[in-house]
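Report on one structure; see the data block that follows.
These values consider heavy atoms only, across backbone and side chains, with no hydrogens, waters or symmetry-generated copies. Counting starts at 1 for both ligands and their atoms, in listed order. Because the structure is a prediction, the values reported are computed rather than measured.
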Amino acid sequence: MERPGDRPHRRFNPLTGEWVLVSAQRTDRPWRGQEDHLPRAKVPEHDPGCYLCPGSVRAGGVRNPDYQGTFVFTNDFPALVPADDQPEQGGRDRLFEWRPAQGTCRVICYSPRHDLTLPELMLPEIEAVIQTWIDEITDLGKRYTWVQIFENKGEQMGASNPHPHGQIWASDFLPTEIGKEDKAQRNYYEEYHSALLDHYLEAERSDGSRVVCDNDTWAVLVPFWAVWPFETLILPKERLPRMTEMGTQQIAGLADILKTTLTKYDRLFEVSFPYSMGWHGAPFTDHGTEPWTLHAHVYPPLLRSATVRKFMVGYEMLAEAQRDLTPETAAEQLRALPASYE
Ligand code: H2U
Ligand code: ZN
């Protein structure tokens with residue numbers, strides 16, 4: 001493989017078919033924002049004003065149970081709602097095309113504790129979150145083509161509440177990003193008779209320069225084509241097309257790798273790290289699952305410190321995604337960080 005040098009170059013994302021401009025020479029190595037320690041705001045273990053806490057009354061008047069582990073409810077402000085009796089046909093006009101969209105949205109509380117984040121939970125508690133993801137995909141996958149599990153964490157990513165929680169949006173259509181990944185992985189499989197991301201992980205493991213951490217069952221890397229400064233991809237070491245097919249070893253391993261990865265992020269700028277994270281696995285269509293590899297994308301916005309973030313504006317909006325810090329440098333920095341809070 002020809003390695004890109006320090007001069008500006010573009011890298012291809014085989015999962016989406018998109019390019020990213022890498023301009024490594026534009027900034028010096030980013031400094032660690034050690035001057036910028038933001039004191040962690042004191043968050044109480046239970047906040048009676050929090051709509052996700054056990055026993056709280058949510059918008060719309062429903063009271064949360066006194067839950068002990070994870071807790072899932074239907075979003076009171078859903079972006080998608082189930083089909084009614086009279087489905088619409090949509091419009092086929094060339095310039096005014098539209099389709100009906102059906103689905104459901106749920107919120108998942110990771111813990112009754114208002115003050116903890118995912119990596120601060122204990123391993124069995126993180127396993128319970130993973131098991132809840134599996135249960136939800138199993139249930140919703142019977143009715144919907146796509147089940148998107150995701151988490152927006154931190155105010156910078158638009159999360160409305162520090163209570164540890166994620167979301168699930170299920171739909172009767174393949175959303176745009178999934179459509180791209182589905183097409184790319186199926187095309188690759190047709191050509192090489194192996195899953196794109198399985199081949200990719202093999203290559204990354206033998207190279208090593210973009211690997212952040214791994215354990216027996218999972219590996220985390222800054223993808224070659226990463227757009228966000230510290231973007232990572234979480235990949236299974238064994239063949240695994242969908243979350244619902246995980247074994248107990250893989251669940252335990254995933255809890256461990258999530259804790260490690262998200263703790264490293266918290267240590268990078270000594271701040272509870274904001275991100276959007278979500279899972280992509282084989283959709284519930286008639287096609288086989290062989291081309292697909294389950295993976296998580298973690299997209300954190302921070303660039304240089306707790307307060308200096310990467311903006312996707314200007315050139316990115318109008319022309320193409322661009323980054324200054326190379327994925328290799330980002331991986332090196334994340335790799336060097338401790339996986340604990342001490
Ligand atoms: P975010 O912080 O990631 O936006 O998630 C909070 C979700 O919780 C959001 O989608 C829902 C919002 O619609 N919500 C309820 O379902 N009930 C409430 O009482 C408040 C917020
Ligand atoms: Zn709460």
Side-chain angles (χ1 to χ4, degrees), residues 40-82 101-122 125-126 128-130 132-133 135-137 139-140 144 146-173 175-178 228 231-232 234 243 258 261-262 265-266 271-280 296-302 306 309 312:
R40 281 286 281 281
K42 265 262 168 278
V43 178
E45 284 185 25
H46 180 92
D47 176 358
C50 164
Y51 57 80
L52 297 178
C53 271
S56 289
V57 176
R58 299 199 309 272
V62 182
R63 185 181 291 280
N64 294 334
D66 194 18
Y67 66 94
Q68 305 291 315
T70 63
F71 168 56
V72 179
F73 62 91
T74 299
N75 198 310
D76 298 306
F77 307 96
L80 290 157
V81 291
Q102 271 113 35
T104 188
C105 299
R106 295 177 180 171
V107 178
I108 152 173
C109 301
Y110 298 160
S111 159
R113 281 280 295 269
H114 182 78
D115 60 327
L116 298 178
T117 62
L118 191 52
E120 291 169 318
L121 298 180
M122 289 183 303
E125 296 170 318
I126 303 176
V129 172
I130 297 166
T132 307
W133 290 338
D135 296 345
E136 290 297 318
I137 296 175
D139 173 35
L140 292 165
Y144 294 108
W146 184 248
V147 183
Q148 183 60 59
I149 303 261
F150 67 98
E151 176 186 357
N152 295 324
K153 183 185 163 218
E155 278 168 43
Q156 280 150 309
M157 295 314 283
S160 54
N161 186 330
H163 196 113
H165 70 283
Q167 300 195 42
I168 307 160
W169 293 21
S171 62
D172 68 346
F173 58 92
T176 307
E177 290 301 312
I178 315 314
W228 292 95
E231 173 178 338
T232 51
I234 306 178
M243 195 177 272
L258 279 171
T261 307
L262 299 178
Y265 274 136
D266 284 352
V271 65
S272 188
F273 215 63
Y275 58 75
S276 272
M277 164 176 80
W279 288 95
H280 287 163
H297 296 282
V298 190
Y299 299 131
L302 297 183
R309 61 166 289 169
M312 292 290 172

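A distance of 5.0 Å separates CD1 in I108 from CD1 in I168, rounded to the nearest 0.5 Å. Between atom CG of residue D76 and atom SG of residue C105 there is a gap of 11.0 Å, rounded to the nearest 0.5 Å. With rounding to the nearest 0.5 angstrom, the CD1 atom of I126 is 6.5 Å from the CG atom of L258.
Sorted by chain and number, the heavy-atom contacts of ligand 1 below 4.0 Å come from Y51, R58, A59, F73, N75, D76, F77, V107, N152, A159, S160, H165, Q167.
Using modelled atom types, one side-chain atom of T132 and one backbone atom of A128 make a donor-acceptor pair closer than 3.5 Å. Of the possible donor and acceptor atoms, one in the side chain of H163 sits under 3.5 Å from a partner among the backbone N and O of S111.
Atom CH2 of W169 has 12 or fewer neighbouring heavy atoms from other residues, nucleotides or ligands inside a 6.0 Å radius.
In this structure Y144 satisfies the side-chain contact (heavy atoms from CB on, under 4.5 Å) test together with P82, T104, L140, A170, D172, sequence neighbours excluded. Not counting sequence neighbours, the partners of E151 by the side-chain contact (heavy atoms from CB on, under 4.5 Å) test are Y110, L118, K153, Y275, M277.
Protein atoms of type N, O or S found under 2.8 Å from the Zn ion (ligand 2) total 4.
Of all heavy-atom pairs spanning M157 and S276, the tightest one is CE-OG, 3.5 Å.
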